[in-house]
Amino acid sequence: MIERMSFPFHPFVLPFLIGMSFVLIYCLYGIVKILVQLTRDERRRFLLSLIKPSTAWKNIKDIFLNCLLHVKLWKRNRMLGFMHSSIAFGWFMIIVLGHVEVMLFLPDRVHLLYYPIFFNFFVAETESTIGGAVLFFLMDFFLLVILTGIVLAMVKRVRSRIFGMRRTTRASFLDTVGLYSLWAIFPLRLLSESFTAHISGGSFLTVPMNWIFRQFLGNDLYYLPTWWAYSIALGIFMAVLPFTRYMHIPAEMMLIPMRNAGLRIMHPRKGFARVQVLSCPGCGVCIDACPMSARKENLKDCTVYLNRQIRRGNEPRIEEISDKCLLCGKCTEVCQVGVDGPALRLAQRSMRKYGINQHYNIIDPEGYIGALGSAKVLYFAGCMTHLTPGIKKSVLSVLDKAGVRYSVMDPDGGLCCGRPMMMAGRWEQTRELIRLNTSIIKASGCDTLLLSCPICYRIFAQKYRLDGIRVVHHSVFFNELSRQGRLAVKRDPELRLAYHDPCELGRGCGIYDEPREAVSAAGVLVEGEKNREESICCGGSLGSITLSYEKRRDITLKSLMNMKAGSPDAIITACPLCSSTFGHYSDIPVKDIAELLDSKS
Amino acid sequence: MIYQGKQKIWSDYQKEIPDNHWFYVRSCIRQSFFPASEHYFLKICRDLLDRDIYESAHHTTCGGIAYHCDTIPQETAMTIVARQFALMTEAGYENLVTSCITSFGNYTEILETWREFPELEARVREHLWKSCRREFRKPVYLAHASDLVYKLRDEIAARARFSLVDKETGEPLKIVEHIGCHYSKMFPHKGVGGAEYPCVLSGMAEAWGGKVIDYPERRHCCGFGFRQYLVKANRGYSMSNTYKKFESMEPYHPDVIITNCPGCPFFLDRWQYVISEQEGKTYGPDGHGIPVLTYEELAGLVLGFDPWDLGLQVHQVGPEPLLDKMGIPYDPSAKYNGLDRKKLMTPGLPAVLKCC
Amino acid sequence: MDFGFNLSPSSAVELDKVDTSLFRELCRIEPGARTCIGCGSCSATCTASEHSGMSVRKLLLSLQRGKMRDVEKMLTCCMLCGKCTMVCPRGINTRRIILTVCRLYENVEGRI
Amino acid sequence: MENKDQILVIGGGVAGMEAARQLKSLGFKPILVEKGPALGGHVASWNRLFPDMTPVRKVLDPLTSSLEGVEVLLDTTVESVSRSQREYTVVLTRGRVIKCPAIIIATGFKLFEARKKEEYGYGIYDRVITNKDLENWFNTGEDGRVPDRPSAVGFVHCVGSRDIKAGNQQCSKVCCITAIKQAIEVKERFPQAEVYCFYMDLRLFGKKYEDFYINAQRDCGIHFIRGRVSEVAELIDGRVQVKAEDTLSGRPVKVKLDLLVLMSGIVCNPANNHLASELSVPLDEDGFLRSRDNIFSVTESDRPGVFFAGTCTGPKTIPETLSEARGAALGVYNYLKGKK
């Protein structure tokens with residue numbers, strides 16, 4: 001191997017150099033800015049996590065699996081996974097191999113940024129070494145891998161359904177520029193390397209192409225422009241990257257360690273929120289996943305558009321998107337980057353200024369405490385269960401049948417768990433309600449707090465500090481009673497029951513198996529077409545502030561359709577709100593798990 | 001405002017008022033509020049128009065005030081009224097004319113109640129017999145004294161020396177008529193012109209040359225309301241009603257208010273003073289109030305009686321601007337003279353309300 | 001001069017004088033606010049009604065009658081639980097109304 | 001002329017017209033008697049009809065044209081009726097005598113005379129009109145009482161309906177929806193005007209009526225105030241001031257209006273009294289003619305061969321009236337078929 005140039009520079013590398021430097025400086029600045037925006041505590045936690053071996057290892061593993069191999073995408077759709085990982089991993093490998101080449105053959109040129117990229121321009125092969133052949137082969141191989149990915153990407157632009165996507169985002173102008181420059185990079189590299197293959201060497205792809213080109217192209221004058229073009233394509237891509245969806249490439253590498261460090265979104269726009277927004281690749285997987293997409297007018301209200309509007313600073317649209325969302329969490333579940341759409345929206349909602357701020361100090365906890373018994377199980381029915389007295393009655397009946405002694409915390413209503421206020425982004429009010437309820441619960445002397453509403457359950461389980469009091473959802477509790485034999489459930493082998501995962505219980509709290517087990521004890525469990533993590537919101541969610549009743553109808557119908565995939569005799573759910581929302585439109589019975597178990601025991 | 005529309009309604013509510021031979025019952029409170037009014041009613045009817053009107057020294061209150069203050073039951077009021085009827089029967093009259101609107105309403109209500117519940121009438125007859133050994137016949141015609149003056153309005157107009165016209169401009173005076181609530185609100189067909197657009201006073205005003213103005217709160221009570229005034233804590237409420245009426249009539253710049261009820265002229269008159277003290281507000285021109293007269297006083301003025309003989313000096317709001325407009329001569333120095341033509345004393349003047 | 005009594009203010013609401021700008025703004029944002037038929041379901045089911053007399057029906061009416069203080073008072077205990085939204089026969093998005101009113105009060109002078 | 005095919009239809013409103021039309025197509029010879037100078041009754045003085053804003057012409061034109069060949073006697077009333085074994089002999093004004101085996105009474109209703117509600121000042125205040133006046137204004141654009149640019153317009157529901165003191169206990173059935181229709185129309189013509197509807201109850205029972213109501217509330221921003229207007233007074237500038245109680249907030253309300261529309265209700269037609277005594281058919285306490293029963297035989301009287309159609313038996317909507325007219329015609333057919 002010898003250097004072709006006496007001086008290791010040629011002006012054509014300038015576009016790349018400029019673009020690359022810009023991106024590096026931009027990202028560096030961005031990282032510093034975000035670190036500054038974090039609170040002191042967060043920053044400390046984040047930096048410590050980077051050097052802590054366990055999280056550091058997890059960071060590397062996650063980045064490798066997610067950013068390069070796109071493991072989550074593979075699980076979603078193999079074509080989609082292959083397309084993304086071929087480009088990302090292939091490109092990564094080409095860069096790595098380029099550096100290996102430089103380090104192997106010209107270690108003193110390692111400091112030149114452009115050398116690994118344009119290696120074949122600067123270095124000519126004079127003798128065939130086994131190392132060179134293997135490297136050249138690998139280079140051509142990964143280039144081929146990338147090109148396959150690019151071809152797939154082009155197909156996806158016209159036929160997204162092949163990739164399991166009904167709808168994709170519409171690219172902005174800069175996104176298009178980025179996209180086309182990205183597409184151009186690799187064919188141009190192929191061309192450049194092919195044209196110079198007879199000088200610099202090549203492998204199975206570049207050598208035959210070189211031979212073909214040389215058949216009708218007489219001299220070597222043409223190869224310099226292609227290297228220019230290759231560099232320019234790279235330069236453009238780098239230069240526009242910060243302003244396009246491709247910003248997700250560097251941002252995701254920040255997101256993963258920050259998430260692993262346990263950071264939460266504290267500010268609607270700054271710090272971790274900023275990283276989340278920038279990490280959105282704009283792929284649009286969330287559009288199909290979003291239950292609101294049942295109505296065409298809502299197609300632009302899913303997380304990908306929220307991120308886009310936040311980047312553009314379009315406040316009216318940010319507010320509209322934030323307030324419309326049902327907060328079902330499905331977009332986060334399907335997002336391969338893991339952008340937390342609901343949390344991002346809650347943060348936006350928390351920005352609002354109100355002229356009337358609720359205070360609950362006039363509510364006297366003593367009135368509730370005085371009415372409590374001494375039972376160890378304390379049942380909190382919650383607002384929604386009070387609206388579905390059938391569920392409340394069944395819960396109490398099951399408890400009686402199982403011989404569980406209990407007292408009811410809110411026999412006549414009047415108390416809210418705080419989750420609705422939290423979903424409106426009103427932390428101060430939420431904290432007040434938590435304080436109020438906590439004082440009552442602690443005074444009760446109970447050891448178990450039983451909830452029949454997932455909305456309540458989620459906040460009690462995740463936000464309350466109850467010092468050892470077990471917080472349990474009735475589906476889990478009743479399943480235990482059934483397994484322990486305290487509740488004798490008669491199974492009807494003819495009865496087909498579809499279990500609907502309430503958003504707050506499933507995606508919200510990760511409870512999928514216990515309710516299914518309980519349902520199976522009473523009948524034959526059938527699944528909806530989408531289930532568990534991917535179940536579809538019933539449409540009744542308190543998460544949405546602006547969706548009106550009539551506009552939720554299509555969402556409910558779509559969710560119902562999903563539940564009926566297995567031709568069930570009844571739909572079973574574990575949430576009073578789901579139950580009554582479905583109840584308005586369903587033509588088959590909709591029951592709460594408590595009602596089911598009560599009727600079968 | 002479509003005047004023909006009103007005329008159509010008036011024609012629906014006409015009332016038969018006999019021309020002559022009346023048994024007159026006085027009002028309890030008018031004799032102290034505006035003592036000349038009843039005197040001049042009798043004087044005009046008897047002396048000027050030559051009518052037979054009889055009154056008995058034995059008649060008492062009708063019980064209306066006590067009844068409306070919830071201090072006596074209706075049956076008691078009925079027995080009192082039955083006694084008046086007995087006096088009338090004993091005097092050989094069958095037409096009853098009352099000076100007081102509340103009495104008129106009370107009598108009307110009682111007669112209507114007896115018509116619906118004859119057993120009640122029988123019981124009252126029994127009560128009356130037991131208590132004072134009297135018997136009675138119900139009056140054939142019941143009228144309020146203003147009904148009678150309405151009936152005689154043209155005869156009075158024919159004898160009028162002055163008319164309700166601004167001497168300077170020749171324009172008719174703008175007159176607010178205020179009808180006592182108990183006149184026709186309970187039984188619209190018992191009042192001349194009904195309850196919505198009564199024409200008992202407006203008929204007089206128009207016959208004597210004035211122009212009646214129709215202001216939004218014309219139906220509203222003067223604010224007396226019996227209990228509302230008599231309990232001191234409620235007096236603010238009583239005055240607020242009057243205030244509401246004045247606020248409503250203010251844009252029309254009325255020259256005079258005429259009334260046919262004992263309480264109304266008193267409250268419409270006196271509250272103008274209280275409002276002026278509390279709110280600094282007066283409703284007449286240049287800090288004056290709006291004079292409030294009874295229909296008898298107005299008839300007396302039109303017929304040319306001396307304003308001080310008619311007792312206009314006992315009004316809080318000075319009548320002088322009205323007298324000036326009508327061109328009625330008066331002697332300012334004689335205003336506070338007694339019947340013996342000697343000066344009684346001069347009252348202190350209010351701070352805000354101008355009273356000449 | 002003190003007479004021991006005073007004029008009492010009229011309790012009548014003059015519809016053409018009441019400032020309903022906040023209500024109109026609310027209706028611009030959530031037109032459903034106009035469709036209340038005063039059935040009272042929201043008040044009957046309200047979790048906060050026993051604490052602060054909260055009622056979406058009264059809230060909407062009070063805004064139209066200029067009773068701004070009443071609105072403020074009843075809203076102080078709302079927990080946004082959404083029962084009113086669930087029971088409303090006209091499908092009015094009451095939670096949005098509540099949040100919107102709370103926000104619009106930012107511009108109301110002299111609030112508590 | 002064969003007397004047995006001749007059927008007398010009394011009243012030339014939509015009920016009578018439809019009944020005559022149906023009788024004609026059933027093979028009878030209807031004779032339509034109308035006291036006024038033209039057919040169409042009250043409907044003819046209207047402009048558009050709820051709930052689809054149908055122009056009146058669209059209802060009356062087909063009815064009129066289908067009456068071709070039917071003998072129509074205008075400016076004619078019934079003087080006396082006598083009944084022999086087989087037929088009725090009806091003496092009409094202008095000396096005409098008709099013998100017929102059956103009669104359909106379609107004498108309709110009378111609009112409550114708004115003047116009787118003295119406190120509303122109809123006929124006295126310059127800016128108070130009735131629903132009928134407003135429809136006339138929609139048709140002709142001529143009414144001095146309707147101002148050019150009103151800023152506030154009020155509607156008073158139940159004027160003379162559900163009012164024992166006005167002599168009518170019954171609900172007129174159509175005024176609520178008519179008020180809403182007219183309120184929407186007024187709002188369309190005067191978008192700047194605030195429109196207030198004062199109601200006791202809103203009785204919107206028919207198909208699409210509730211949609212109309214929601215439309216009026218949400219899209220037109222019409223204010224519905226539950227409370228009956230207690231009194232109306234004229235202000236110095238000629239506008240009227242209306243007082244009512246807003247019963248939902250328990251407070252008295254006042255509003256100054258440029259135009260007040262009184263929703264005069266449907267009351268019984270006094271012409272029924274004469275007809276009822278001539279035919280010996282009884283009247284109900286409300287003054288309307290009494291049907292055999294109020295469920296199964298609404299269009300039948302107690303007298304053989306005498307049938308009712310439309311609002312002569314009580315307040316009804318136009319589609320109900322038309323259905324009854326058809327029912328009455330069919331009743332005549334079945335009655336005479338049975339006799340043959």
Side-chain angles (χ1 to χ4, degrees), chain A residues 319 323-324 349 352-364 367 382-388 410 412-426 429-430 432-433 436-437 453 455-456 540-553 576-577 580-581 583-584, chain C residues 22 25-26 29-33 35 41-42 44-54 59 62-63 68-112:
Chain A
E319 181 170 331
D323 285 2
K324 204 186 254 190
R349 293 179 187 182
R352 313 277 152 74
K353 293 268 179 294
Y354 294 90
I356 299 176
N357 289 292
Q358 280 70 21
H359 293 289
Y360 307 108
N361 39 20
I362 61 163
I363 302 176
D364 179 18
C383 304
M384 288 302 143
T385 311
H386 277 294
L387 261 191
T388 48
D410 56 340
D412 300 312
L415 287 171
C416 172
C417 61
R419 178 73 182 150
M421 268 297 177
M422 189 182 162
M423 291 205 275
R426 307 192 70 177
Q429 280 70 25
T430 310
E432 270 196 40
L433 282 171
L436 174 73
N437 288 326
C453 170
I455 304 167
C456 308
S541 169
L542 291 179
S544 173
I545 293 168
T546 58
L547 268 185
S548 64
Y549 176 74
E550 57 268 35
K551 293 193 173 171
R552 292 170 184 250
R553 183 172 174 266
L577 184 50
S580 70
T581 308
H584 290 154
Chain C
L22 197 144
E25 178 62 9
L26 171 68
I29 294 166
E30 182 56 55
T35 61
S41 307
C42 50
T45 195
C46 180
T47 301
S49 67
E50 62 177 278
H51 306 304
S52 67
M54 173 63 191
L59 176 137
S62 301
L63 284 178
M68 305 302 274
R69 292 288 152 274
D70 295 358
V71 171
E72 210 168 347
K73 200 170 148 266
M74 66 176 87
L75 271 173
T76 50
C77 254
C78 171
M79 307 176 210
L80 222 55
C81 71
K83 284 172 87 181
C84 46
T85 310
M86 305 258 308
V87 298
C88 178
R90 274 281 169 97
I92 300 172
N93 191 347
T94 51
R95 292 175 78 238
R96 187 183 195 186
I97 286 172
I98 292 165
L99 280 172
T100 308
V101 170
C102 288
R103 279 181 84 180
L104 292 175
Y105 258 72
E106 265 280 284
N107 306 318
V108 173
E109 273 173 40
R111 55 176 203 271
I112 299 168

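Letters go in sequence order (proteins before strands), and every chain restarts at 1. As the structure is a computational prediction, the values presented were derived from the model and not from experiment.
More than 12 heavy-atom neighbours from other residues, nucleotides or ligands sit within 6.0 angstrom of NZ on A/Lys324.
In this structure, CD1 on A/Ile545 lies 8.5 Å from OG1 on C/Thr100, to the nearest 0.5 angstrom. Between the CG atom of A/Leu436 and the CE atom of C/Met79 there is a distance of 7.5 Å, given to the nearest 0.5 Å. One finds the CG atom of A/Leu387 at 7.5 Å from the SG atom of C/Cys81 (value rounded to the nearest 0.5 Å). How far CG of A/Asp323 is from CZ of C/Arg96: 7.5 Å, rounded to the nearest 0.5 Å. A distance of 13.0 Å separates NE2 of C/His51 from CD of A/Gln358, quoted to the nearest 0.5 Å. Atom CD in C/Glu106 sits 10.5 Å away from atom CD1 in A/Ile356 (nearest 0.5 Å).
Interface remark: A/Glu550 contributes side-chain atoms only to the contact with chain C (heavy atom separation under 4.5 Å). Heavy atoms closer than 4.5 Å to chain C are found nowhere in A/Ile455, neither backbone nor side chain. With a threshold of 4.5 angstrom between heavy atoms, A/Ser580 approaches chain C through side-chain atoms but not through N, CA, C or O.
Looking at C/Asn93, its side chain never comes within 3.5 Å of a backbone N or O of A/Tyr549 through a donor-acceptor pair. With hydrogens and angles ignored, the 3.5 Å screen pairs no side-chain donor or acceptor of A/Tyr354 with any backbone N or O of C/Leu104.
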